[in-house]
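Below, chain A is the first sequence line, B the second, and so on; all start at residue 1.
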Amino acid sequence: MRTRFAPSPTGYLHIGGVRTALFNWLLARQSGGQFVLRIDDTDSHRNVEAALQPILDGFRFLGMDWDEGPDVGGPHGPYFQSQRGEQYADAIERLLNDGHAYWDYARPKELAAMREEAKHSGTAFVYDRRYAADSQPDRERFEKEGRQGVVRLRMHREGQCVMPDLVRGEVIVEWASEQDHVIARADGSPLYHLASVVDDHAMQITHVVRAAEHLPNTPRQIFIAEALGYPLPKYAHLPYVAEPGGTAKLSKRKIDKYTKQRDFAKLLSHGHKIADRCGLAISSETFNPVLVDFYQKIGFLPDVLLNYLMLLGWSLDGSRERFQRDEMVKLFTLERVNLAPASFDPAKLLAFQADTFATLELDHRVELVRPFAMAAGLMQGDDDASLGAVVEAAGDRLKVAGDIVDFDYCFVDEFEYDAKAFKKRVLTPEDAVLLLSELSQHLEAAESFDIGGAEATVKGFCEKKEIQLGQIIHALRVATTGQPGGFGMFETLAILGRDRVVRRIQACIQKAASDEA
RNA sequence: GGCCCGUUCGUCUAGCGGUUAGGACACCGCCCUUUCACGGCGGCAGCACGGGUUCGAGUCCCGUACGGGUCACCA
């Protein structure tokens, strides 16, 4: 089994594309076959290399390796369509010679008028081939009129095209509703359909697994393949990935619309928080949950993304949702791919990420979190001891690796007080400031300042003052962390250490005084 | 508009003629708790509609509605 993914170099990797690529990759790995990456750059005049880089980076991040393609080569290269011109020219020549294609000299304007007319009469547009050149003299005559020729397919005008599909069974369309599609431009350069069919054959692709939006393209590809005498690959058309909260196809261009959707907006701002604090160079063009880059930048686990994407339009049995990578490879089947589009749910993806991350070994989490802590300036050198303590204490509060920025107060003294919490816990209770002041002295004199020592000291203080723990602990938290919530108070004190705790309580008391005044 | 595809809780889905229509995420409530999370328990909520076929239809057939894809000298 040989499958392929054929992106055009656009400069980014879309999660819908990843889902398609994933199914292809899964099939190849499961069967012991090959997964080919081919670059569809027939239309590209720009810097292909630069536009390709983010795509390759994305696949590498996701751990989806390709057996043949850019960087790795292979026996059927080159894997860039822009470098395969000869093969296309040969194919076009054969189609022309065999009468399956013809030179056409209709002007774009004339074609547009014909299409307009068909639209008005409510019928399918079928080109009547009135500018078809069947001989060399015909071509010269048209060219003398200043017309430019393109090569068109001479499609069947009767009968049916039966498209076998591994996901949908059989799809049948009338040939008569198909157009004489252009396969070569006026300058002779090939168009997508021609190139795609020629390459799939040359690269011995056995299974063409792609999004359902290609379904209407399939008859003309079948026509080309048959005309060229190629055996047909097996086709499988996947439902496309739909936008969050909607049914339309997920598109990078409609991000503005998605940001009005609650869960998408939440994920996006979650990402921005991390990016801001880590000083990541992000562009609004690529930093958003439609693109893989976003997840890589904020510390998602690649396997989680793949696991979630696999479940978009596929299920094992309706109850099991979590799969290790090797299980994905083992269990995936085209037979269980759904027919209806599946909408992308950012909240569910985050939920997958959160509890998968929480199951990782502490060391592993520390390793993942470290680059973010460094980028955010929370650690100078490799102070893994305190990082380890924070990661352990934070537990499942870290959903993605970048969430370490939420605990910046464990590392550095510059933090903001949460205004609401400050007012409620420090300013409002009458005795809060006085209690903090006294507690500070006790902490200064505490025998030990590990978790147990901090706890004993604070609790001893409460006993002595005959107050409940709840009457002081909230103010203490705000004073030492600025936050209304966080992990265990005594863990927090121990991690901060005596000096910082005392200093922060003093600073808090001062702020309270100046706020009062 | 032509051609094609689709339709089970808000979302992802299970279901392949007989089920109190199951699970997950989200949401709501309760419990746990020094806070925030986690966790536990519970709740809300679905077969688009109309005809057939059948003893019996979420499951099969037809139609309607709605949604979507596609109609380039883009891929």
When the side chains of residues 488-496 of chain A are checked against the rest of the protein, which donor-acceptor pairs come out under 3.5 Å, sequence neighbours left out?
| residue | atom | partner | partner atom | Å |
| --- | --- | --- | --- | --- |
| Thr492(A) | OG1 | Gly488(A) | O | 2.7 |

Count the heavy atoms of every other residue, nucleotide or ligand shown that sit under 6.0 Å from [atom1] of [X], and state whether that count exceeds 12.
X         : atom1 : result
Lys254(A) : NZ    : yes
Gln468(A) : CD    : no
Lys273(A) : NZ    : yes

For the pair made of NZ in Lys254(A) and C1' in G69(B), what is the distance, rounded to whole Å? 11 Å
Please give, in whole Å, the distance from C71(B) P to Met155(A) CE? 14 Å
If the [atom1] atom of [N] is compared with that of [M], how far apart are they to the nearest Å?
N      : M      : atom1 : result
C16(B) : C5(B)  : P     : 25 Å
A57(B) : A24(B) : C1'   : 27 Å
G42(B) : C4(B)  : C1'   : 46 Å
U64(B) : C28(B) : P     : 43 Å
G43(B) : G58(B) : P     : 24 Å
C3(B)  : A21(B) : C1'   : 36 Å

Proximity to the side chain of Lys249(A) - top-ranked nucleotide from G69(B), A72(B), U34(B): G69(B)
Under 4.0 Å between any heavy atoms, over every strand shown, what does [X] touch: base, sugar-phosphate, or nothing? Just pick one.
X         : answer
Val458(A) : nothing
Arg425(A) : nothing
Arg210(A) : nothing
His120(A) : nothing
Val182(A) : sugar-phosphate
Ala186(A) : base
Asp263(A) : nothing

[N] - base-pair partner by Watson-Crick or wobble geometry, distances under 3.5 Å:
N      : answer
C38(B) : none
C4(B)  : G68(B)
G58(B) : none
C25(B) : G10(B)
C32(B) : none
U20(B) : none

Salt bridge (Lys or Arg N to Asp or Glu O under 4.0 Å) with Asp317(A): which residues, sequence neighbours excluded? none
Decide side chain to side chain contact (heavy atoms under 4.5 Å, CB included) for Ser251(A) and Tyr258(A); before the verdict, give the C-alpha distance in whole Å, the side-chain angles of both, and the deciding distance to 0.1 Å. CA-CA 10 Å; Ser251(A) 151; Tyr258(A) 308 153; 4.1 Å; yes
Just N and O in the side chain of Arg220(A): are any of them under 4.0 Å from OP1 or OP2 of C71(B)? no
Select from Ser177(A) and Phe344(A) the residue whose nearest nucleotide in RNA chain B is closer to the 5' end of that strand. Ser177(A)
Find which nucleotide of RNA chain B each of Arg336(A) and Thr123(A) is nearest to by heavy atoms, and output the residue with the more 5' nucleotide. Thr123(A)
Within the 3.5 Å criterion, strictly below it, is a donor on Arg185(A) or Ser189(A) matched to an acceptor on the partner's side chain? yes
Report yes or no: do Tyr192(A) and Asn217(A) form a side-chain donor-acceptor pair below 3.5 Å? no
Under the criterion of centre distance below 5.5 Å and interplanar angle below 30°, is His193(A) classified as stacked on the base of A75(B)? no
Taking all non-hydrogen atoms of both residues into account, name the closest pair between Pro341(A) and Ala242(A) and its distance. CB-CB, 4.4 Å
Do any N or O atoms from the side chain of His207(A) and from the backbone of Val209(A) form a donor-acceptor pair under 3.5 angstrom? no
I'd like a table of atom pairs between the protein and nucleotides 38-48 of chain B - only N or O on both sides, under 3.5 Å - with the distance next to each one.
| residue | atom | partner | partner atom | Å |
| --- | --- | --- | --- | --- |
| C38(B) | O4' | Asp396(A) | OD2 | 3.2 |
| C38(B) | O2' | Asp396(A) | OD2 | 3.0 |

What residues 307-323 of chain A contributes to the RNA chain B interface at heavy-atom separation below 4.0 Å is Leu311(A), Leu312(A), Gly313(A), Ser315(A), Asp317(A), Gly318(A), Ser319(A), Glu321(A)
Is a salt bridge present between Lys252(A) and Glu285(A), judged by a nitrogen-to-oxygen distance below 4.0 Å? yes
Collect all protein-nucleotide pairs involving nucleotides 31-33 of chain B in which both atoms are nitrogen or oxygen and the distance is under 3.5 Å.
none

Write out all pairs satisfying side-chain hydrogen bond (donor to acceptor under 3.5 Å, both in side chains) with one or both partners inside residues 340-353 of chain A, taking only residues at least two apart or from two chains. Glu321(A)-Lys348(A)
Verdict with supporting geometry, His100(A) and Arg154(A), side chain to side chain contact (heavy atoms under 4.5 Å, CB included): CA-CA 5 Å; His100(A) 295 300; Arg154(A) 193 188 304 275; 5.6 Å; no
